[in-house]
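Chain identifiers are assigned alphabetically (A, B, ...) following the order of the sequence lines, protein sequences preceding nucleic acid strands; residue numbering begins at 1 within each chain.
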Amino acid sequence: MADKNAPLIPEQGWHCLHLFYRIDFGQWQLLTGDEQRTAKIALSEIVQEIRATEKTQLLTLSVVTPKADIAFMLITPDLHAANSFEKRLNLSLGAGVLEPVYSYLSLTEESEYTTTAEQYAETLAREQNLKPGTPEFDTAMKTFAERMALYPTLPDWSVICFYNMSKRRGDQRNWYALSFDERRKLMGGHAKVGREFSGKVKQLITGSTGLDDAEWGVTLFARDTFQIKKIVYEMRFDPVSAEYADFGEFFVGIQLPLDELFRRLQL
Amino acid sequence: MADKNAPLIPEQGWHCLHLFYRIDFGQWQLLTGDEQRTAKIALSEIVQEIRATEKTQLLTLSVVTPKADIAFMLITPDLHAANSFEKRLNLSLGAGVLEPVYSYLSLTEESEYTTTAEQYAETLAREQNLKPGTPEFDTAMKTFAERMALYPTLPDWSVICFYNMSKRRGDQRNWYALSFDERRKLMGGHAKVGREFSGKVKQLITGSTGLDDAEWGVTLFARDTFQIKKIVYEMRFDPVSAEYADFGEFFVGIQLPLDELFRRLQL
Amino acid sequence: MADKNAPLIPEQGWHCLHLFYRIDFGQWQLLTGDEQRTAKIALSEIVQEIRATEKTQLLTLSVVTPKADIAFMLITPDLHAANSFEKRLNLSLGAGVLEPVYSYLSLTEESEYTTTAEQYAETLAREQNLKPGTPEFDTAMKTFAERMALYPTLPDWSVICFYNMSKRRGDQRNWYALSFDERRKLMGGHAKVGREFSGKVKQLITGSTGLDDAEWGVTLFARDTFQIKKIVYEMRFDPVSAEYADFGEFFVGIQLPLDELFRRLQL
Amino acid sequence: MADKNAPLIPEQGWHCLHLFYRIDFGQWQLLTGDEQRTAKIALSEIVQEIRATEKTQLLTLSVVTPKADIAFMLITPDLHAANSFEKRLNLSLGAGVLEPVYSYLSLTEESEYTTTAEQYAETLAREQNLKPGTPEFDTAMKTFAERMALYPTLPDWSVICFYNMSKRRGDQRNWYALSFDERRKLMGGHAKVGREFSGKVKQLITGSTGLDDAEWGVTLFARDTFQIKKIVYEMRFDPVSAEYADFGEFFVGIQLPLDELFRRLQL
Amino acid sequence: MADKNAPLIPEQGWHCLHLFYRIDFGQWQLLTGDEQRTAKIALSEIVQEIRATEKTQLLTLSVVTPKADIAFMLITPDLHAANSFEKRLNLSLGAGVLEPVYSYLSLTEESEYTTTAEQYAETLAREQNLKPGTPEFDTAMKTFAERMALYPTLPDWSVICFYNMSKRRGDQRNWYALSFDERRKLMGGHAKVGREFSGKVKQLITGSTGLDDAEWGVTLFARDTFQIKKIVYEMRFDPVSAEYADFGEFFVGIQLPLDELFRRLQL
C-alpha cells in the first residue's frame, strides 16, 4: 500500500464536505450536565483545530426545518484530513448524538466555461486600470478566477442554501451530447442571471462527478431567504436549468457561532 | 460574521413552515404523569409565546391517517424566529416525543400573474364604489392583493390540506420554456376554478424555489373534505395542472385548540 | 375557530381509512400476560364501539406477507370520528405495539361515468318490472347507484386487496386532457371487465385527490386470490389501465374475526 | 363472515411466498444460550411441520450480501396456511430477531403462451413414443405443463435468484397494447433463450398482478452464479426484456439445510 | 440437496462483494475496553484468514462522508466462502456494531468487446517483441486480458470509488436493441478515454445482471480524487455514458491498513 501517511492532495481544487445531522436528544439527555458541557467543549475544540488547519475553512450552521438540526461545511485540501475531521465531527457530541441525514462530497473547481469569473475579473481589472490583453490583465483574471472558484474564501453571510445538480441526458435534451460551444453559450446566459444578483447572492459551484450521487454541489450565500428564492426561480427560466438541470434536495441553514448554535439547538 | 442578533427579514413576504410529527408514545410513556402535564404546559406556553409574536401566526392540527399525528403551520417574518420556534416546538413535549416526518419551508409571495387577487380586488373595489383607474382603486387593489397572498390572515376553517407542487420541465411540456403571456393565460384558467370554490375553499400558495424540494407549497382551507377533493380534482383537468404540474405527498389535518388536540391524540 | 364539536360531514360520501400496521413483538412482549389480555380486550371494545357507531363499518384483516401484520378498513361519515377512531386504534394494543406502515384516506364517491352502476341498476329495475324512463325506474337506479358506491355495505368476503391508482398525465397519454366522452367510453370498456367478474369480485373505488398521494383507492373483495389476480391482469389489457393508469403498492389481507386474528398473529 | 375455518384454495395454482429477513443480532444476544437452542429447535419444528403439509414445499436459504441474512421460499395451496406459516416463521427465533426486509406474494400459473412447456412436453412425449394429435399425447403435454408451472416440484439446486418483473406500459412500448399473437411470438424468442440453459438454469415464473407490487415473480435455480448472470444477461437482449420488461431488486441465496444455515449465520 | 460441502465455483470469474457499513457507536460503547480490544483482534484475524485464502483478496477502506464509515471489497472464487466471510465480517466487531448500509454482488468478467484489454495486451506484446498473429502473441494477449479483468490483482492505490451502472433500455436509446458491432464501436470510444488515464486511474468492471440490482459494478482506483472526478466527467461525454448509462450511488473510500483504520474511525 502507498505511504499511508502521505497527504492525498488533489491535483486541482480542495475537498468540500457538506454534512447535515439531526440531533438525537434522547441520546443527548442520557448524558449528565457535566458530560454535556465536556461534549460541547470537545466540539468547540475540534472546530478550532479544523479552522487552524492550513487552507481549511469550516462553517457551522443551524438548519431550518427538522430535516436536520446542525450542519457543517468543510473545505480542506487533504482527503485524509477531510475524512478524519468528518469522522471526529460525527462523534464530537457523544456516540449517537449526531445522526447523519445527508452529506455531500465534492471538489472546488474552475468552470470550464468561466464566463462568470471572466467577466467579474474583467470588471476587477478595469477597476485596477489594467488593459485587456496585457500580461498584467491576464494574471489578474486568472488569479481572480481561481480565488473565486478553485481556492475560494467562504463569505460570512447568514443564509446558506445547498443543493446538488446534474445535467440531463434525456432523449431530446442531452447536455453531454451538445458541443462545447453550445454549452458555453448556454452557460453564458446562466451567468448573466448570476451577475444580476451581484452583492446579494454569492454562489460556489463544486464538482462531484465520480465523488457523489450528482454532478455538482451548489452552495448559495445570501443575507436573506428572499434573494435565494428569487435567484433560483429566475435561473429556472434560463434554458440551462429549464431544459437541462435536475436538482436534489434543498437545505437552508443559518451561519451561527458555536455558542449561539448550542443555544438555538437547546444543547 | 454579520451581526448574529439582527433579524433576518426577507425583502418580501413572511416565512412559512409546515411541520408534521409522529408522536413516539413509547418515549411519552417513559414520562411520569407529572412530567407529562409539565410537558403539555410547556408546549402550550410556547404556542402562546409564538402567537403573541408580532405578525406571527401558528395553527395546531391533528393529522388524519398515521402518516403523522400532530402538525404546526407557522408564519413569521424573521428567519431566526422561525428557526428558533421550530427547534423549540420539536422538543416541547420532551426529547424524542415528537418525531419529525415531514416539513416544508416557503415564503409567502404575490403571484406574478395575480389574476385571482386582481379580480377579487376588482370586486371589492366595485363594492366600495371605487373607479378603475383612479389612485384609490389602485391602492385598494394593491392592499387587497398583498393581504391575500403576501401578508395573509390564516382562516380558522377546520379542514386543512397541504402539498407541494412543481412545474414540469419535460421535453414536450416545459413550463419554464413558455412565454410570460402563455403562462399568464394558463394561470387565468386555473384561477377561474379557484373562484368557483369561493366561500368553500381558501388557498394559500407560498414560494419555495431554493428553499425546499419543490417550487411551491399549497395550503387549502375548507370546512369539509369533500370540497378539498372536488377542487383538486377539478383543477386536475385544467391544463396548468393536467400538463404542467407535479405534486408531492398530501397531508390532511383538522384545526383543533390545544386542549382538544391533546385529548384527540391521547396525550 | 369554528365550533370544535360540530361533526365534519362531507357534502357527499363517507370517509374511508385503510390502516396497515406491523406488530412490534419486542414491545408486545414487554407487557405482562395480564397487560396483554387487557390490551386485547381494549382493542375489542374499540372495535365494538366503532361498529356500533351509526353508518360506520370496520373490517379487521390479517395481512399476507410481512409487509404488514394487521389492517383495518374503516368507513364513517364524520372526519372527527374517523380521526379519533384511527388515533385510538393506533394505541389500542399499547404504546409502540402497532407500528403504522401504510395508510390511505379517501371518500366514497359515485363514478362520474356511472356505467357499472347504471347497468346493474338497469338489471335490477328490470327484475322489478320497472320501465326505463319512469320516475320509479329513475329512483331505483339512483338508489342502487348510491348504495353501490356512495353509501356501500362492505361484503364479508374473505380475501381483500387494496391499492391506489392515479391516471397518467404524460406527454402522449394524458387522461385529464381527454374529453368527457372519450373518458366515458374508455371507462365503459373497463366496467365491462368488471361485470365479467360479477359474483366473484366486488370492487369499491373511493376518491382521494387532495386527500392522499394518489387519486383513487381501489378495494377488491373476493373469496379467492386467483380471482384477484385474474381481474387485475385482465383489466391491465383494457386501455384505461394499459395506457392511463399508475398503481401504488398492493396489499392483500384476509378478513378474520378478532379472536381468530389474535391467534393468527400470535398475540 | 364466510366460514372462517374453510381453506382459501385458489381456483388455479398454489400460493408462493418469498420471505427475506435480516437477523437482529442485538435481539438474538439478549437470549440465553438455552433460549437460543430452544428458538432454533422451534424454527426446525415449524420447518418440519410446513414440509409435512400436503402439497407444500419450503426452501431455506442463506442470502448473499447483507441485504438479508435468511430467506424462505414457501409454496402451499391454502391462503390461510400460507398466512399462518409466514406469521409463525416471522416469530420463530423470538420477538424481533427476524426483521423482514423484503417479501413477495404470487401464485403459480401456467403461461398463457406456454411455448416453453409445450416444447418440453413435446420432447417428453416423443421420448415416450406418443404421437402428436392423439389424446395420449395431449394428456402427457397437459400433465407436463402443469407439473412444470402450476404444480411444480422445486429443485434442490444450490444457487437461487429471485426478482420481480413487470411489463412496460410506455408511450411507445406498451406490452398490454400488443395483440395476443404479437405477445406470443415475442415470448417464443424469450423461451428459446431459456431452452439454451436447459440443465443449467431452471426458472419458475409466478403471477402476482393484484397480489404484490409487480406483475410476476421470477425464481431461478442454478448450480453456479455464472449461469444466473449469463441467462439474465442474454435474455436482456431479447426484445421481451430489452423493450418491455422492468425489474425489481435482485436477491441471491444459497440453499442450505437448517443446521448448516444456523452455522453460516452464526446463530 | 446437492452436496452441501462442495464449493460453488463459477464457470468463469470470481465473486466480488462490496460491503459498506456504518458503525453504531452507541452499540460499540456498550462494550468494555477489553471487549473492544477483543473485537478489534477478532476482526483483524478474520481479515488475515480471508487474505490467506487461495485466490482471495480483501481491501479495507475508510469511507468519506457519513454515508458509511467502513467498507470491505472482497474477491474470492467460492460462493460459500464469499457468503461465510461476509456474514462473519458483519458480526466481527460485535452484534449490531457494523450496520450494513449498502452492498453489491458481482462476478469478475472479461469484456465481450475487450477493446481495452486487447489494446493494452497489444502494447505489452509489442514491448515483449511478439508478433501479432503468432501463437505466442495470442497467448500473451489472452493471459493479459484475463489477468486484467477475470482474475485481477487489486492495486494498492489509496483512493477507491465504487458505483453501479446499467445500460438504458429507453424508447429511443436502447443499448440492448443495438447490434454487437454498434455496441463494440461505442465501447471502443469509451475505452479510449480510459487509456488517457493510464497510470492515473485503474478500473475494474464486474458483471452483476441477475446478481444485484444493476448490470455492472465499477471500481475505480486512483491516488487522487481529482483523477476520479476527471475520468468520470470525461466519460460522461462519451456516447456510451451520455446516451446509454444509468448510475447508482457513488461511494469514495480510502485504503487504510486495519490499525490506521481503527484510529481513523475512533474504534
**Message:** Nearest 0.5 Å, please: how far is CD in E:E215 from NZ in D:K229?
**Reply:** 11.5 Å
**Item:** Pairwise side-chain contact, D:R236 with E:K167, heavy-atom cut-off 4.5 Å (strictly under)
**Value:** no
**Message:** What I'd like to find out is whether the side chain of E:H80 reaches to under 4.5 Å of the side chain of D:L256, using heavy atoms alone.
**Reply:** yes
**Fill in**
Residue from E:S208, E:A95, E:A82, E:A177 scoring the most non-hydrogen pairs under 4.5 Å with chain D is E:A95
**Asked** Are side-chain heavy atoms of E:L8 and D:T225 found at a separation under 4.5 Å?
**Response** no
**Request:** Name the region of D:Y163, side chain, backbone, both or neither, that has any atom closer than 4.5 Å to a heavy atom of chain E.
**Result:** neither
**Fill in**
residues 65-74 of chain D vs chain E, non-hydrogen distance cutoff under 4.5 Å, contacting residues -> D:T65, D:P66, D:K67, D:A68, D:D69
**Contact origin within E:R183 toward chain D - heavy atom pairs under 4.5 Å** = side chain
**Asked** Could you give the distance from CZ (D:F25) to CG (E:L98), rounded to the nearest 0.5 Å?
**Response** 12.0 Å
**Prompt:** Donor-acceptor pair, E:Q12 side chain versus D:F226 backbone, under 3.5 Å?
**Reply:** no
**Prompt:** Heavy-atom distance under 4.5 Å between the side chains of D:Y233 and E:E109, does that happen here?
**Reply:** no
**Asked** Picking from E:E11, E:H18, E:Q27, which has the most non-hydrogen pairs under 4.5 angstrom with chain D?
**Response** E:E11
**Message:** For E:S106, which atoms come within 4.5 Å of any heavy atom of chain D: side chain, backbone, both, or neither?
**Reply:** neither
**Portion of D:V159 that has a non-hydrogen atom of chain E nearer than 4.5 angstrom** = side chain
**Request:** Please say whether more than 12 non-hydrogen atoms of neighbouring residues, nucleotides or ligands are located less than 6.0 Å from NZ in D:K40.
**Result:** yes
**Request:** Name the region of E:Y102, side chain, backbone, both or neither, that has any atom closer than 4.5 Å to a heavy atom of chain D.
**Result:** neither
**E:L19, part contacting chain D, at a heavy-atom distance under 4.5 Å** = side chain
**Asked** Do E:P100 and D:R22 touch side chain to side chain, with heavy atoms closer than 4.5 Å?
**Response** yes
**Asked** Considering only heavy atoms, which portion of E:L89 lies under 4.5 Å from any heavy atom of chain D: side chain, backbone, both, or neither?
**Response** neither
**Prompt:** Which atoms form the tightest heavy-atom contact between E:N83 and D:S62, and what is the distance?
**Reply:** OD1-OG, 2.6 Å
**Request:** With rounding to the nearest 0.5 Å, note down the distance linking NZ in D:K230 to CG in E:L107.
**Result:** 13.0 Å
**Request:** Could you pull out the closest heavy-atom pair between E:Q172 and D:Q172, with the gap in Å?
**Result:** NE2-NE2, 4.2 Å
**Prompt:** Given that the side chain runs from C-beta out, which part of E:W216 has a heavy atom under 4.5 Å from chain D: side chain, backbone, both or neither?
**Reply:** side chain
**Message:** When you measure from the side chain of E:D212 to the backbone of D:F250, do you find a donor-acceptor pair of N or O atoms at a distance under 3.5 Å?
**Reply:** no
**Message:** So for D:E249, is it side chain, backbone, both, or neither that comes closer than 4.5 Å to the heavy atoms of chain E?
**Reply:** both
**Request:** Measure across D:L265 and E:L91 and return the closest heavy-atom pair with its distance rounded to 0.1 Å.
**Result:** O-CD1, 4.4 Å
**Heavy-atom pair with the smallest gap, counting every atom of E:L79 and D:V64** = CD1-CG2, 4.0 Å
**Request:** Would you mind telling me which of D:V63, D:I23, D:D24, D:I231 has the largest number of heavy-atom pairs within less than 4.5 Å of chain E?
**Result:** D:V63
**Message:** Heavy-atom cut-off 4.5 Å, strictly under: side chain, backbone, both or neither for E:L211 against chain D?
**Reply:** both
**Complete:** The interface call for D:I228 against chain E, heavy-atom contacts under 4.5 Å, is both
**Prompt:** If you take all heavy atoms of E:R169 and D:A242, which pair is closest and at what distance?
**Reply:** CB-O, 3.2 Å
